[in-house]
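Numbering starts at 1 and runs along the sequence shown.
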Amino acid sequence: MLPRERVLAALEHREGDRIPWGEHFIDYNVYEDILGRETLVHSKFRETQAYWDGRRDDVVASYIRDGAELIRALDMDIYAVGMMAPKGYAPQPLRRIDSETFEDDGGNLYRISATTHDLRPWKIKPNTAWQPPTLEGLQRQIDQFDPNAIGDPSDSCWDWVRSAVAEMKPTHYIVLLCGDLEWPTFGANEEEGWMNLILQPEICRKICELRQLHLTREVKLFAKLGVDGIMPCGDLGSSTSLMASPAIYRDMVLPVHRAHVAAAHAAGLHVLKHCCGHVWPIIDELADTYDAYEGIQASAGMDIAALKQRVGDRLCLWGGIWHEHIIAGGLEDIRADAAHAFANAAPGGGFVMGSTHSIAVGAKAANVLEMKRLVNDWGRYPMRPERFR
């Protein structure tokens, strides 16, 4: 089977020739380890510096060249792509304080993370000019919203997506990373934002109404780009629990998610939901809404075998290999993860192998290559657990 045929079989809960493999995000070190050269793809501060240097076209060219090459080198079936900076993008560089620290014009400080290697806020001053949204202001935006202003698929910000569709769609499944609605929080800080879910529910519902208009309008543009599916990237859970009450999710957020999916399906697109964290309290709602669930965080209690039993007949499960093991584990950990996932989630179809989050900075090349070997050697249908050794 072609890679895209394997993915379509999984989404239709059919067994193909083997389990498909995909990742929604792969950091630069994996590209460099596998392809044997420097890349700008998800290269963290190096990518930021390239934009500061006015090298936007070099960044996009790297994504186009290296993205497709890595998919082929690892025998992946899904190619995840996204929006890029438009042609001519050249942001003003921040002022360098030392080798790790930078300052913007407002006196806010940023540091290069020793863990993720990207530039992150460090010491940020309170935004005293911030004003909370009002019901009247939100309603004004809703009343003035133009559902037909979908944007231009030939815009330069879609260069990577158009290239992927032209080059890879004949053989591979193309999924576009896109926006989502997590929780409609608002406030001057995070604590205030969560409190307002309780204290200001009418404003939160109005935020959801406006967000729904944006999400459903965007689907029309994504369909014109020619991708196979979209991946709304919005986390709903932490490592221990849902971030807010299931009742709030069902009241405010779920109607937006369902409208988004309905619009995508009407446009001929699958919706493969990325969602980290513990989401057991709303797993049935997710299963009845989405085509697939990716980012299944095993370390947050989202066991893929239990998920298969609970929702596997309704929802394609995408994950199985612990994100933590790809970084800090050994080959035996990858094999144990694969054996558990393949034996429990793959039978009958409806399963895509992937990380339980992403293949991030620190991922060991040997572990990534072991994933490739296992999906090809162990992942052939019908599943035979005696192979898993």
Side-chain angles (χ1 to χ4, degrees), residues 24-25 82-83 120-121 124 126-127 130-139 141-142 145 177-219 230-264 271-297 299-302 307 311 315 318-319 323 356-358:
H24 89 278
F25 204 90
M83 187 178 188
R120 302 182 66 82
I124 306 299
N127 182 5
W130 181 82
Q131 294 292 325
T134 64
L135 285 173
E136 295 77 11
L138 290 166
Q139 186 62 55
Q141 292 182 64
I142 291 168
F145 188 84
L177 307 181
C178 70
D180 198 4
L181 172 68
E182 295 178 339
W183 300 95
T185 61
F186 69 94
N189 53 52
E190 186 173 5
E191 180 181 3
E192 184 177 308
W194 290 113
M195 289 296 296
N196 280 333
L197 275 177
I198 304 296
L199 300 176
Q200 301 285 348
E202 293 309 311
I203 291 181
C204 291
R205 289 192 186 94
K206 196 61 70 173
I207 290 171
C208 289
E209 184 179 348
L210 180 60
R211 186 65 180 141
Q212 179 176 317
L213 292 174
H214 282 279
L215 290 173
T216 55
R217 181 176 68 180
E218 289 170 349
V219 163
I230 59 174
M231 178 175 282
C233 296
D235 296 336
L236 299 169
S238 71
S239 294
T240 56
S241 67
L242 206 64
M243 290 178 178
S245 162
I248 292 176
Y249 175 78
R250 296 180 187 116
D251 174 35
M252 298 185 187
V253 181
L254 180 59
V256 179
H257 286 174
R258 286 180 169 164
H260 191 201
V261 173
V271 187
L272 304 91
K273 169 69 172 168
H274 169 85
C275 183
C276 295
H278 183 94
V279 293
W280 274 114
I282 57 167
I283 193 60
D284 288 304
E285 287 80 3
L286 296 180
D288 291 336
T289 302
Y290 293 100
D291 300 301
Y293 163 31
E294 189 266 359
I296 301 171
Q297 190 178 339
S299 60
M302 303 306 297
L307 284 165
V311 297
L315 186 62
W318 180 353
H323 163 76
T356 57
H357 179 259
S358 67

What verdict does the salt bridge (Lys or Arg N to Asp or Glu O under 4.0 Å) test give for R205 and D251, after you've listed the backbone C-alpha separation in whole Å, the side-chain angles of each residue and the deciding distance to 0.1 Å? CA-CA 9 Å; R205 289 192 186 94; D251 174 35; 2.8 Å; yes
Please lay out, stage by stage, how I248 and I198 fare under the test side-chain contact (heavy atoms from CB on, under 4.5 Å). CA-CA 9 Å; I248 292 176; I198 304 296; 3.8 Å; yes
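- The distance from the CG atom of L197 to the CZ atom of F186 is 8.5 Å, given to the nearest 0.5 Å.
- Applying side-chain contact (heavy atoms from CB on, under 4.5 Å) to V279 and the options L307, D235, L236 leaves one that passes, L236.
- Taking the side chain as every heavy atom from C-beta outward, R211 and P184 never approach each other to under 4.5 Å.
- Residues K273 and H257 meet the side-chain proximity criterion, which asks for heavy atoms closer than 4.5 Å.
- With rounding to the nearest 0.5 Å, the separation of CG in L272 from CE in M231 is 5.5 Å.
- The OH atom of Y249 lies 9.0 Å from the CG atom of L181; values are rounded to the nearest 0.5 Å.
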Is there a side-chain contact (heavy atoms from CB on, under 4.5 Å) between E218 and I230 once you walk through the steps? CA-CA 11 Å; E218 289 170 349; I230 59 174; over 6 Å; no
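- Residues C208 and V256 approach most closely at O-CG2, 3.6 Å, considering heavy atoms.
- In plain terms, the two heavy atoms of P255 and Q212 that are nearest each other are O-OE1, 3.9 Å.
- Across all non-hydrogen atoms, the minimal contact from T216 to A259 is CG2-O, 3.7 Å.
- Side-chain contact between K206 and L135 is present, with heavy atoms from C-beta onward closer than 4.5 Å.
- In this structure, the ring of F25 has its center no less than 6.0 angstrom from the ring center of H357.
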Passes side-chain contact (heavy atoms from CB on, under 4.5 Å), H278 versus S238? Steps please. CA-CA 6 Å; H278 183 94; S238 71; 5.8 Å; no
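- Summarising the geometry, atom SG belonging to C276 is positioned 7.5 Å from atom CD belonging to E294; distances are rounded to the nearest 0.5 Å.
- A distance of 11.5 Å separates CG in N127 from CG in N189, rounded to the nearest 0.5 Å.
- Taking every heavy atom of both residues into account, L215 and G179 meet most closely at CD2-O, 3.6 Å.
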Verify side-chain contact (heavy atoms from CB on, under 4.5 Å) between C275 and M302, making sure each step is shown before the conclusion. CA-CA 11 Å; C275 183; M302 303 306 297; over 6 Å; no
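- In this structure, H323 and S299 have side chains that are not in contact, with every pair of non-hydrogen atoms separated by 4.5 Å or more.
- Of the inter-residue distances, the one linking Y290 atom OH with D288 atom CG reads 12.0 Å to the nearest 0.5 angstrom.
- Heavy-atom minimum distance, H260 versus P232: CE1-CG, 3.9 Å.
- More than 12 heavy atoms of other shown residues, nucleotides or ligands fall within 6.0 angstrom of atom CZ in R250.
- Ring pair F145/H214 is perpendicular by interplanar angle, where above 60° counts as perpendicular and below 30° as parallel.
- Of the residues listed (N196, L210, I203), the one engaging P133 in a side-chain contact (heavy atoms from CB on, under 4.5 Å) is I203, and it is the only one.
- Heavy-atom minimum distance, H24 versus W318: N-CZ2, 4.5 Å.
- Side chains of P132 and E192 form no contact here, defined as non-hydrogen atoms less than 4.5 Å apart.
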